[in-house]
Amino acid sequence: MNSKTRTILAAGVLAVALGVGATAQASAGAPRSVSGKPSDDITRIADFYGAYIDAVIDEDSGNLGQALRNHYLTPAFEKELAAWEDREHADGVLRAQNVPLAWKVTDNGTTRDYTEAVVTLTWSRDTTTKLVVDMTRDSHRIVHIGEKGVGRK
């Protein structure tokens, strides 16, 4: 990874971290906290979706969205996603043409090779979409986003 990509990724992660802190301080009641660790696949999937949604909302200034894809997705899945986007005319990570208002990542189990998470994207008060995201346990990279996991394609 070159230094420009590292700088872009660092800026995205910092923006997510600062955004979470500002939200926690602005909300009423007890302060919220968010934690994670880079060795945890669910944390990594949540980090990816948080930073990616921020990049898309910010109109992808500096091509951060593509840099995040390059970092978090396997090259083979990037090609598969590009083909899906050409066919469906939508963002393949979000499976939509617009940007959700909120997101939540929930652990959906692991196998020997993959960690599976359900990403719930909230579009309005009563409209959500659930995506299944699979990440390799060895490389910690996303290999699939869809309605079912890789074991249930």
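In this structure, CG in Asp107 is found 7.0 Å from OG1 in Thr115, a value given to the nearest 0.5 Å. Note that CG of Leu81 and CD of Glu88 are 11.0 Å apart. Values are rounded to the nearest 0.5 Å. The distance from atom CG of Asp40 to atom CE of Met135, rounded to the nearest 0.5 Å, is 9.5 Å. To the nearest 0.5 Å, atom NE2 of residue His140 and atom CD1 of residue Ile45 are 11.0 Å apart. The NE2 atom of His144 lies 14.0 Å from the OG1 atom of Thr136; values are rounded to the nearest 0.5 Å.
Remark: the backbone N or O of Tyr114 is not paired with any side-chain donor or acceptor of Asp134 at under 3.5 angstrom. Put simply, the side chain of Glu85 gets close to the backbone of Gly92: a donor and an acceptor are under 3.5 Å apart. The backbone N or O of Thr111 sits less than 3.5 Å from a side-chain atom of Arg137, completing a donor-acceptor pair.
In this structure, Leu121 and Trp103 approach most closely via the heavy-atom pair CD2-CB, 3.8 Å. Summarising the geometry of Trp84 relative to Ala90, their closest heavy-atom pair is CZ3-O, 3.8 Å, with the distance given to 0.1 Å. Between Pro100 and Ile53, the shortest heavy-atom contact is CG-CD1, 3.7 Å. Across Tyr49 and Ile145, no two heavy atoms sit closer than the pair OH-CD1, 3.5 Å. Closest heavy-atom contact between Leu68 and Ala55: CD1-CB, 4.3 Å. Contact record, Arg44 with Pro38: CD-O, 3.1 Å, taken as the closest heavy-atom pair.
A side-chain N or O of Gln66 and one of Glu78 form a donor-acceptor pair less than 3.5 Å apart.
Cluster annotation: Tyr72 is connected to Val56 through the hydrophobic network of ILVMFWY side chains, with a link wherever side-chain heavy atoms come within less than 4.5 Å. Put simply, Leu101 and Val105 are part of two different groups of oily side chains (I, L, V, M, F, W, Y) that touch within less than 4.5 Å, one to the next.
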Practice prompt. Please report the C-alpha distance between Phe48 and Val119 in whole Å, then the side-chain angles of each, then the deciding distance to 0.1 Å, and finally whether the side chain to side chain contact (heavy atoms under 4.5 Å, CB included) criterion is met.
Written response: CA-CA 11 Å; Phe48 169 67; Val119 176; over 6 Å; no

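With contacts defined as side-chain heavy-atom distances shorter than 4.5 Å, the pair Val132/Lys148 does not qualify. A 4.5 Å side-chain heavy-atom check between Thr129 and Arg95 finds every atom pair outside the cut-off. The shortest distance between side-chain heavy atoms of Lys104 and Thr128 does not fall below 4.5 Å.
Atom CZ of Arg125 has 12 or fewer neighbouring heavy atoms from other residues, nucleotides or ligands inside a 6.0 Å radius. No more than 12 heavy atoms of other residues, nucleotides or ligands shown are found within 6.0 angstrom of CD on Glu147.
Each of Asp47, Val93, Leu64 was scored for a side chain to side chain contact (heavy atoms under 4.5 Å, CB included) with Tyr52, with one residue passing: Val93. Among Val150, Val133, Ile42, Asn108, the one residue that satisfies the side chain to side chain contact (heavy atoms under 4.5 Å, CB included) test with Glu116 is Asn108.
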